[in-house]
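Predicted model only: the values in this text are computed from it and were never measured.
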Amino acid sequence: MADQDTYLIDGSNRRWFLKQSSALTGFFLMPPLLAKSAQPEPPMDASANKRSITLKINRKTYKLDVEPRETLLDLMRERLDLTGTKKGCDHGQCGACTVHVDGRQANACLMLAVMHQNQEITTIEGLAPSKSQLHPLQAAFVKHDGYQCGFCTPGQIMSGVAVLRQGHAGSVDEIREWMSGNICRCGAYSGIVDAIESVQKEGKTV
């Protein structure tokens, strides 16, 4: 019986010793950890990550310092005042930000500016031959009521011009298929298709 009591006392003492040792170890490790976490993080220098690039937009050359994550859409709207290209869903699903890159339509919200150096970029501002003359498809949109609120109109026109240039406007069904990436919340689809079809039938140069 005495041996059993001694065993219990020794076991209790051992557990107490381990608890105290753990507590002391944690106490001595705590100050440097707290001191480290209390140190303020150095401020991030955004300019350190910028890259110097050259963009060709609407027949003009721009030399810019951009962040690697900056999209072409944000750069054009916020820094170059080219606000005709609209920011809609910002996920490449509505087509409001459609521009031409080397003659082909593309969603500017999905493109990083640093990836398009020296490519020919055209926005709705650079589509018409002059400030006093509309592009044929712009004129057709006016004639056939191809817009209502006008928010999606720049993207619709840019896609429509690409469809005409690429030879995908042979029929109403073909036009609808190739324009399906551009959404019109107002539902002016019939006017949009009529405008594209009229330019195609009249054989106008786009």
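The backbone N or O of Met158 sits less than 3.5 Å from a side-chain atom of His100, completing a donor-acceptor pair. Looking only at distances, a side-chain donor or acceptor of Asn182 sits under 3.5 Å from a matching main-chain atom of Gly155. For Arg51 (side chain) and Glu67 (main-chain N/O), no donor-acceptor pair under 3.5 Å exists by modelled atom type. For the pair Arg77 (side chain) and Thr85 (backbone), a donor-acceptor distance under 3.5 Å is present. Under a 3.5 Å cut-off, the side chain of Ser159 and the backbone N or O of Gln156 do not form any donor-acceptor pair. Although no hydrogens or angles enter the test, the distance criterion places a donor-acceptor pair under 3.5 Å between the side chain of Tyr189 and the main chain of Cys184. Between the side chain of Asn58 and the main chain of Thr123, a donor-acceptor pair closer than 3.5 Å is present. In terms of modelled atom types and a separation under 3.5 Å, the side chain of Gln119 and the main chain of Asp102 share no donor-acceptor contact.
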Test log, rule side-chain contact (heavy atoms from CB on, under 4.5 Å), inputs Val206 and His135: CA-CA 7 Å; Val206 295; His135 183 277; 3.7 Å; yes
Asp173 vs Arg176, salt bridge (Lys or Arg N to Asp or Glu O under 4.0 Å): CA-CA, chis, key distance, verdict: CA-CA 5 Å; Asp173 289 339; Arg176 290 184 182 277; 5.3 Å; no
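Here the closest heavy-atom approach between residue Ala128 and residue Gln133 is recorded as CB-O, 3.1 Å.
With sequence neighbours left out, the salt bridge (charged side-chain N to carboxylate O under 4.0 Å, His left out) criterion links Lys143 to no other residue.
Heavy-atom contacts from other residues, nucleotides or ligands closer than 6.0 Å to CZ of Arg79 number more than 12.
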